[in-house]
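Lettering follows sequence order; numbering is per chain, from 1.
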Protein chains: 2
Amino acid sequence: MKDVAARAGVGLKTVSRVVNGEAGVSPDTERRVQESITALGFRRNDSARILRKGHTASIGLVLEDLADPFYAPLSRAVEEVARAHGALLINGSSAEDPEREQELVLALCARRVDGLVIVPASDDHRYLEPEMAAGVATVFVDRPPGNVEADQVLVDSFAGAREGVAHLIAHGHRRVGFIGDVPRIHTAHERIRGYEAAMSGAGLPVHPGWLAPGSTDPGRVRADAERMLNGPEPVTAVFAGNNRVTVTLVRVLAELDRPVALVGFDDFELADMLSPPVTVVAQDPAQLGRTAAGLLFRRLEGAHDPPCLMTHPTTLITRGSGELPPA
Amino acid sequence: MKDVAARAGVGLKTVSRVVNGEAGVSPDTERRVQESITALGFRRNDSARILRKGHTASIGLVLEDLADPFYAPLSRAVEEVARAHGALLINGSSAEDPEREQELVLALCARRVDGLVIVPASDDHRYLEPEMAAGVATVFVDRPPGNVEADQVLVDSFAGAREGVAHLIAHGHRRVGFIGDVPRIHTAHERIRGYEAAMSGAGLPVHPGWLAPGSTDPGRVRADAERMLNGPEPVTAVFAGNNRVTVTLVRVLAELDRPVALVGFDDFELADMLSPPVTVVAQDPAQLGRTAAGLLFRRLEGAHDPPCLMTHPTTLITRGSGELPPA
DNA sequence: TTGAAAGCGCTAACAC
DNA sequence: GTGTTAGCGCTTTCAA
């Protein structure tokens, strides 16, 4: 910029004004400056600008896995909102590891992102307190934060799971299994609660072998599924706690010689083209992302009301697999 | 940092040393500094650090759509490599719009990212010349750059498509349709060429109605598919130019009362669970991302050899839909 | 309409 | 082992 000023024979500030489209530069001067800019191939160094201005026009998004078909649209939606507000999005995957989440979040804060959208892997966010006090707007999505007050955008996992399991029960099932994520994760925990509520609400017992929380690793899911399908009290229906589990269960159930009903949490592409088509409790990840990002920019624009909690409902989409009667 | 120094009664540089874990600070001083740091809730401002050091330990990734199941794993793979090199990843979706690509790339350059991985939407990258000359390492993935010399990581789309179409021909088809992306996109163009090569290699004519490049919008794909399936010279097999097209074609073909063979470019989740299971020409997007990011960091670490071109092969995965005989 | 000077928070270079 | 000085490239302030 110094070079541009020298070449155009003007002051530094005049160049700055031209670069930023500020008023108060005579057309002639502006032309000369523009000419120098292109001749020198000058482009503003935003790092310096950021340092001076104190904000970065960028926001951070930390989620579990960018490549998960559930989170990818969420990320994309946040990106679109950020773009509409002239901000860049920096995102990172925590791989469901609390330490990695913290490391990532802190790295983003060190970069002085203006705000943060977080799908928490950790259940303790006290590490964020100084950052939030320093003015980093923060919105939690999909799962609530731990030990910290902030805006939250959640999905009613409890009600969704309860509805899905009740749907299976309504179709005559009395031995319903549940395979889901580790209960440390809030949504997983809520879905287990929903399962239990539906079962007990119908006066049905839950055999210990029917409840299998754990990792979403296909091997683990398969093993637990086979156990509850071939055990002493075999289930006639299974509820899958999220899209990763559902996809594995589709494969396991297809290998069976008898029909077993299936309802999965989360919709997924081509669910309607499988045989049988898969009944799901759907949520809208893009909508989640849009809502969260919207909330974030509200804060960035100065909203000062107390932290809010927005809960989105789920939608049961019946397609066939959840309406199979017990064998 | 000034405050920390004042509170600990030491110089600025000593604090800097402690913050960066540099040697040459007595244990006692270090302890005092650490104490001040936590007491004041200090955290280094990376914007200032970046300005001073001249590099940002961050790289940019620009692709078509972060939520596309083909690109999501690519992005994730790039992220992992970046992380292994201590760099952050900033990514943006160009939505297949050349202007948006340029806008995004330039914004990333203004942020002084150290390097760039680009899935081009544009076919002219001269706008990047000044940036590359200024030292921004750049790697193009999936599609070649236009009017610029840089590392490239491509997939052999021509050979892949030719193999897929030849596979259909080998199973007795003589009227094979092609539905793909707009030919402006390099991979789309190559796949059309592959289709034509396979057809003419087998001495088969290509009826104009059988070749339908265009957007991947489901409506467009469906309309063109129905046209070539119900026209005067109905095709008995279709080759889909990418995963978006394949997914739509699966639906269209399922509505038909006769079997039509299908081979799709790109593998996709649950392809093997459809009926019939879908035969695909698979590429490995995560591998593409890893290779590209690896190349980028080689450059960042000072590699000066001339731009290289790496072409990855595709794999034909036969599952059933591509082995259906002509009706 | 224009520009000079100060300084954002840090690190490199060089004292001490 | 520690501190001082200068300056990264920009914007802000204020004076001309």
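Residue A/Lys53 places at least one side-chain N or O under 4.0 Å from the OP1 or OP2 atom of D/dT12. Considering only side-chain N and O atoms, B/Ser26 lies under 4.0 angstrom from the phosphate OP1 or OP2 of D/dT2. The phosphate of C/dT1 has neither OP1 nor OP2 within less than 4.0 Å of any side-chain N or O from A/Thr29. The side chain of B/Ser16 contributes no N or O atom lying less than 4.0 Å from OP1 or OP2 of C/dC10. Phosphate contact (OP1/OP2 of D/dG3, side-chain N/O of B/Thr14, threshold under 4.0 Å): present. In terms of phosphate contacts, B/Asn45 brings no side-chain nitrogen or oxygen within less than 4.0 Å of OP1 or OP2 of C/dC8.
The interatomic distance linking A/Asp28 (CG) with C/dT2 (C1') rounds to 14 Å, in whole Å. Regarding B/Glu22, its CD atom lies at a distance of 12 Å from the C1' atom of C/dA13, rounded to whole Å. Here the P atom of nucleotide D/dC10 and the CZ atom of A/Arg112 are 21 Å apart, to the nearest Å. Rounded to whole Å, atom P of C/dG9 lies 7 Å from atom NZ of B/Lys2. Rounded to whole Å, atom P of D/dT2 lies 8 Å from atom CZ of B/Arg32. One can place CZ of A/Arg31 at 16 Å from C1' of C/dT1, the figure rounded to the nearest angstrom. Atom NZ in A/Lys13 sits roughly 13 Å away from atom P in C/dT2 (whole-Å rounding). One interatomic measurement links the two molecules: NE2 of A/His55 to P of D/dC10, which rounds to 16 Å at whole-angstrom precision.
In this structure, the side chains of B/Gln152 and B/Met310 stay at 4.5 Å or more apart for every pair of heavy atoms.
Below the 3.5 angstrom threshold, one finds a donor paired with an acceptor across the side chain of B/Arg17 and the base of D/dG3.
Set against D/dC10, C/dC10, C/dG3, the side chain of A/Val10 has C/dG3 as its closest nucleotide. The nucleotide whose nearest atom lies closest to any side-chain atom of B/Ala48 is, among C/dT11, C/dG9, C/dT2, C/dG9. The side chain of B/Arg52 lies closest to D/dG7, out of D/dT11, C/dG9, D/dG7.
Using a 4.0 Å heavy-atom cutoff across all strands shown, A/Asp46 reaches no nucleic acid atom at all.
Salt bridge annotation for B/Arg100-A/Glu80: present, with a cationic side-chain nitrogen under 4.0 angstrom from a carboxylate oxygen. Note on A/Arg299 versus A/Asp114: no salt bridge recorded, every NZ/NE/NH1/NH2 to OD/OE distance being 4.0 Å or above.
Heavy-atom distances to DNA chain D give each of A/Leu12 and B/Pro27 a nearest nucleotide, and the one nearer the 5′ end belongs to B/Pro27.
Between the A/Glu101 side chain and the A/Ala121 main chain, a donor and an acceptor come within less than 3.5 Å of each other.
At a cut-off of 3.5 Å, with distance as the only test, no side-chain donor of A/Gln102 or A/His125 sits close to an acceptor on the other residue.
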